[in-house]
Chemist: 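Got a structure for you, written out below as structure tokens; questions coming shortly.
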Protein chains: 2
Amino acid sequence: MEENQALKLLGALSQETRLRIVRYLVQCGAQGASAGDVGNQVGAASSRASFHLSTLENAGAISSERQSRNIVYRADLKNLGNMMSFLLNDCCNGHPDIRACCGFEDGCC
Amino acid sequence: MEENQALKLLGALSQETRLRIVRYLVQCGAQGASAGDVGNQVGAASSRASFHLSTLENAGAISSERQSRNIVYRADLKNLGNMMSFLLNDCCNGHPDIRACCGFEDGCC
DNA sequence: TCCATATTACAATATCTCTTGAAATGTTGA
DNA sequence: TCAACATTTCAAGAGATATTGTAATATGGA
């Protein structure tokens with residue numbers, strides 16, 4: 001992943017409502033959730049939910065697909081994983097202490 | 001790590017200059033680097049570097065310590081790792097596809 | 001003490017982001 | 001076609017953030 005896209009993703013996730021949207025969509029899995037459903041879950045008015053969903057989609061954190069009258073959103077696991085890989089490996093050189101904090105190796109935390 | 005601190009860290013990292021500062025400080029390791037050194041490395045004027053360094057320190061991404069006339073900054077590996085653990089485990093439920101993207105398991109990427 | 005260096009704090013401006021409500025668009029079923 | 005529902009777009013104001021240059025503070029050495 002390029003630095004630019006990682007920055008967009010980090011910016012998109014650094015907002016309370018959007019972080020909760022992503023968390024909810026990860027839980028929903030491949031089934032996804034409609035915009036209205038997402039808005040209800042995170043307590044956001046429809047226009048606000050729409051705004052945050054388009055920000056997340058533009059950053060590559062989620063994807064969308066129309067299903068009849070609903071638009072179904074899903075977490076983009078690949079991009080989210082690539083962003084974390086960028087942070088972990090490109091940015092932090094795969095530093096053992098940081099990897100350990102993620103629960104992958106014995107270590108600092 | 002609590003959601004609030006994770007949001008602060010994500011916001012701090014979602015800025016080009018600051019991401020580069022963290023990347024440079026991770027490379028510097030325990031030795032750290034002075035504010036002037038950091039500013040030169042990322043091509044930022046002193047007041048700008050100071051502003052970004054204090055933002056990063058406030059978010060917990062880095063720490064500082066005065067050494068004679070310099071102030072030495074170091075990456076806070078523990079907090080950075082905890083933030084990634086928060087994203088990976090709390091937020092994304094340790095989803096296998098995302099973990100795989102980070103190079104810890106066989107999988108999607 | 002004084003000077004030189006390193007760092008931070010301040011003020012002003014410009015730019016971006018969040019939020020809200022209303023209007024517009026698109027879709028379904030009758 | 002129409003009515004009902006889901007979603008997006010738009011406009012406006014409030015607030016946060018980035019940038020720059022300048023001034024202020026702190027430290028070390030003479």
Side-chain angles (χ1 to χ4, degrees), chain A residues 3-25 28 31-76, chain B residues 3-25 28 31-76:
Chain A
E3 185 184 85
N4 263 354
Q5 199 187 347
L7 284 169
K8 275 171 69 176
L9 259 170
L10 286 167
L13 295 179
S14 68
Q15 209 275 340
E16 187 176 2
T17 302
R18 288 198 293 265
L19 187 61
R20 288 186 183 159
I21 288 176
V22 170
R23 195 198 299 235
Y24 177 59
L25 288 179
C28 290
Q31 179 186 342
S34 69
D37 185 12
V38 169
N40 288 336
Q41 277 291 329
V42 304
S46 66
S47 69
R48 199 166 129 207
S50 173
F51 168 73
H52 287 309
L53 285 167
S54 67
T55 300
L56 285 168
E57 184 169 20
N58 182 260
I62 64 177
S63 63
S64 68
E65 179 195 4
R66 180 171 281 278
Q67 279 187 0
S68 86
R69 82 173 53 179
N70 292 330
I71 294 188
V72 172
Y73 289 92
R74 298 185 185 86
D76 189 325
Chain B
E3 185 183 84
N4 263 353
Q5 199 187 346
L7 285 169
K8 276 172 70 177
L9 260 170
L10 286 167
L13 294 179
S14 69
Q15 207 277 340
E16 188 176 3
T17 302
R18 287 198 292 265
L19 188 61
R20 288 185 183 161
I21 289 176
V22 170
R23 195 200 297 236
Y24 176 61
L25 288 179
C28 290
Q31 179 186 341
S34 70
D37 184 13
V38 169
N40 288 336
Q41 277 290 329
V42 303
S46 64
S47 68
R48 199 166 130 209
S50 171
F51 169 73
H52 286 310
L53 284 167
S54 66
T55 300
L56 285 168
E57 184 169 19
N58 182 259
I62 63 176
S63 63
S64 68
E65 178 194 4
R66 182 172 278 278
Q67 280 186 359
S68 86
R69 83 171 52 179
N70 291 330
I71 293 186
V72 173
Y73 289 92
R74 298 185 184 85
D76 189 325

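Values in this document were obtained by computation on a predicted structure and should not be read as measured data.
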Chemist: Can you tell me how far P of C/dT25 sits from CD1 of A/Ile71, to the nearest Å?
Modeler: 16 Å
Chemist: Assuming nearest nucleotide by heavy-atom distance, tell me which of B/Thr17 and A/Gly36 is located more 5' along DNA chain D.
Modeler: A/Gly36
Chemist: I want to confirm an ordering. Mapping A/Gln67 and B/Ala49 to their closest nucleotides on DNA chain C, which one lands closer to the 5' end?
Modeler: B/Ala49
Chemist: Has A/Asn70 got a side-chain N or O lying under 4.0 Å from the OP1 or OP2 atom of C/dT27?
Modeler: no
Chemist: Could you give the distance from OG (A/Ser34) to CZ (A/Arg69), rounded to the nearest 0.5 Å?
Modeler: 12.0 Å
Chemist: Are any of B/Tyr73's side-chain N or O atoms less than 4.0 Å away from OP1 or OP2 of C/dT8?
Modeler: yes
Chemist: Atom CG of B/Leu19 to atom P of D/dA18: distance rounded to whole Å?
Modeler: 13 Å
Chemist: Once you round it to whole Å, what is the distance between C1' of C/dT7 and CZ of B/Arg48?
Modeler: 17 Å
Chemist: Could you check whether B/Ser68 gets within reach of a base, just the sugar-phosphate, or nothing at all, counting any heavy atom under 4.0 Å?
Modeler: sugar-phosphate
Chemist: Whole-Å distance between C/dA6 P and B/Asp37 CG?
Modeler: 11 Å
Chemist: Would you say the side-chain atoms of A/Ser50 pair up with the backbone N or O of A/Ser46, donor to acceptor, closer than 3.5 Å?
Modeler: no
Chemist: Counting side-chain heavy atoms from C-beta on, which of C/dA22, D/dT27, C/dT8 comes nearest to A/Ser47?
Modeler: C/dA22
Chemist: With a 4.0 Å limit, can you tell me whether A/Gln15 has a side-chain N or O closer than that to the phosphate oxygens OP1/OP2 of C/dT19?
Modeler: yes
Chemist: Round to the nearest Å and state the distance from B/Asn40 atom CG to C/dT5 atom C1'.
Modeler: 13 Å
Chemist: Between B/Phe51 (CZ) and C/dA12 (C1'), how many Å, whole number?
Modeler: 14 Å
Chemist: Would you say B/His52 places a side-chain N or O within less than 4.0 Å of OP1 or OP2 belonging to D/dT19?
Modeler: yes
Chemist: Within the side chain of A/Arg74, is there an N or O that forms a donor-acceptor pair under 3.5 Å with the backbone of A/Asp76?
Modeler: no
Chemist: Give a yes/no on whether any side-chain N or O of B/Arg69 is located under 4.0 angstrom from OP1 or OP2 of C/dT5.
Modeler: no
Chemist: Working to the nearest 0.5 Å, report the span between OH of B/Tyr24 and CG of B/Asn40.
Modeler: 8.5 Å
Chemist: If I take atom CG from residue B/Asn58 and atom CG from residue B/Leu53, how far apart are they, to the nearest 0.5 angstrom?
Modeler: 12.5 Å
Chemist: Estimate the overall bend of the helix from C/dT1-D/dA30 to C/dA30-D/dT1 from the end axes over five pairs each, rounded to 10 degrees.
Modeler: 30°
Chemist: For D/dT7, does either OP1 or OP2 sit under 4.0 Å from a side-chain N or O belonging to A/Arg66?
Modeler: no
